[in-house]
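FYI, the numbering just counts along the sequence from 1.
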Amino acid sequence: MDSHSSSNDLITVEATVITGFETVSSAECEELLNPIKPVVRRRGAISFEIESDKLKLCNNLRSIENLYVVSATRTGIDELLNTEENAFTYVENLPKHIDWESSLSAWKFFNDSKLNTKPKCENEVEEGCVSVHPKFRATCNRTGQNHNFQSNEMAAKFGGGCHDHFLWPVSMKEYDINIVINITDNNLSVLLELTRETISKRNLTHYGPTCLRSSYAYCMLRLAEIQVGDLVCDPLCGGGSIPLEAAISWPQAWHICGDNHEKAIERTFNNLEDLNTSRIKESLKPLQFDICQWDVSRPCIREGLIDCVITDLPFGKRCGSKFDNKWLYPRVLKGLARMVTPATGRAVLLSQDRNNMVKTLMTVKHFWKQMRFMKINIGGLKDGGVYLLQRI
């Protein structure tokens with residue numbers, strides 16, 4: 001980091017997470033990073049305070065979407081709820097009152113950047129300088145009902161204030177730093193984006209119509225409480241998001257997956273091959289799990305063999321229909337009941353078709369007991385959630 005930054009500096013990091021899985025993400029954060037203070041949870045995000053030299057460890061978090069370092073927070077700002085002119089004046093003047101040093105140093109450290117993040121002098125000529133300043137853009141996210149301004153207007157005013165303060169070049173697409181202002185009612189926070197794209201875009205190179213993001217897969221796997229030596233199965237693997245994440249994060253368990261469609265089997269195999277190729281280049285051990293083609297209602301597995309099932313059920317949107325789910329869901333859960341170990345076996349199921357899922361659980365109540373339901377955001381679809389079931 002910069003010479004003025006001590007390895008013991010404390011920084012506040014904010015991470016966007018899947019709405020509904022905040023408790024899962026905060027538990028992972030506390031386990032991996034051991035933050036100074038308890039993790040603060042809010043809808044769709046968590047924030048925590050760590051030493052600056054631990055910042056790159058945040059790359060190892062599997063349940064999060066994006067990472068930000070907090071530059072400033074302000075609460076109870078009446079100007080944001082007054083006239084549009086007052087709100088714009090406040091945010092235009094805000095950058096000059098923020099201490100940017102620690103957050104910009106953290107951004108440079110995280111991204112291994114050599115850019116000069118100090119404010120540019122007015123008489124400085126870029127071509128004659130040894131150091132190069134970053135390009136930036138400003139983004140505004142707004143929540144609340146009493147604002148007299150639009151998010152894009154606020155982003156433009158705040159970006160203008162940042163430009164007046166730093167004199168950095170502006171670029172909406174080829175930017176180096178994305179400065180984000182989050183406004184909730186009359187509170188705001190200023191963040192520097194650490195990750196250019198979501199961390200959940202990993203593992204997959206071959207995509208199907210309903211591929212599950214890796215962050216969803218990790219959170220579901222974590223809910224299953226996988227133990228050493230467990231045999232874990234995804235009977236509806238699609239592109240292999242769940243078994244790939246399971247093999248990476250729980251190498252001490254055994255993993256198997258399957259699907260009835262030959263293209264799904266091909267995608268899973270190709271994703272496994274591509275991921276192993278990249279792991280070998282990084283001197284990591286290749287992943288291993290079995291891929292089968294089967295009918296999940298009649299799986300070719302000995303009864304009671306599987307310890308844990310984690311899968312993403314068809315929603316009836318892009319794949320199948322909710323009418324088909326009326327007969328598909330009962331067949332799937334009865335097939336899973338045959339393969340899972342009685343009394344100790346468990347299942348973590350993701351579904352957006354809540355109506356058919358509730359009816360099915362009543363039908364198979366002599367096989368499965370619902371232990372927990374977590375409502376989560378699945379691409380904005382209503383009624384999506386995760387069902388944690390215990391085999392009877």
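Under the 4.0 Å criterion applied to side-chain N and carboxylate O atoms, Arg346 and Glu225 are not assigned as salt-bridge partners. A salt bridge is defined here as a Lys NZ or Arg NE, NH1 or NH2 lying under 4.0 Å from an Asp or Glu carboxylate O, and Glu153 with Arg142 fails to meet this definition. A salt bridge links Glu65 with Arg213: at least one charged nitrogen is closer than 4.0 Å to a carboxylate oxygen. Salt-bridge annotation for Glu266 and Lys263: absent, with no side-chain N of the basic residue lying under 4.0 Å from a carboxylate O of the acidic one.
Side-chain contact check for Asn66 and Glu193: no donor-acceptor pair (N or O, by modelled atom type) lies under 3.5 Å. Between the side chains of Asp295 and Ser297, a donor-acceptor pair is found at a separation under 3.5 Å. Between the side chains of Ser102 and Asp9, no donor-acceptor pair of N or O atoms lies under 3.5 Å. Residues Asp324 and Ser321 bring a donor and an acceptor atom of their side chains to less than 3.5 Å of each other. Counting only N and O atoms by type, the side chains of Asn187 and Thr184 include no donor and acceptor under 3.5 Å apart. For the 3.5 Å distance criterion, the side chains of Asn356 and Asp353 qualify, holding a donor opposite an acceptor.
Counting non-hydrogen atoms of other residues, nucleotides and ligands closer than 6.0 Å to CZ of Arg298 gives a total of 12 or fewer.
Cation-pi geometry between Lys157 and Phe88 is satisfied (NZ or CZ under 6.0 Å from the ring centre, within 45° of the ring normal).
Applying the salt bridge (Lys or Arg N to Asp or Glu O under 4.0 Å) test to Asp307 and every residue at least two apart in sequence or in another chain returns nothing. Every residue meeting the side-chain contact (heavy atoms from CB on, under 4.5 Å) condition with Glu31, not counting sequence neighbours, appears here in chain and number order: Arg222.
Within the 4.5 Å cutoff, no side-chain heavy atoms of Trp100 are placed close to those of Pro119. A heavy-atom distance below 4.5 Å is found between the side chains of Tyr216 and Ile18.
When ring centroids are compared, Tyr218 and Trp250 come within the 6.0 Å threshold.
Between atom CG of residue Leu221 and atom CZ of residue Arg62 there is a gap of 10.5 Å, rounded to the nearest 0.5 Å. Rounded to the nearest 0.5 angstrom, Ile46 CD1 and Thr16 OG1 are separated by 9.5 Å.
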Problem - salt bridge (charged side-chain N to carboxylate O under 4.0 Å, His left out) between Arg137 and Asp176, worked out - result: CA-CA 8 Å; Arg137 78 171 187 181; Asp176 299 301; over 6 Å; no
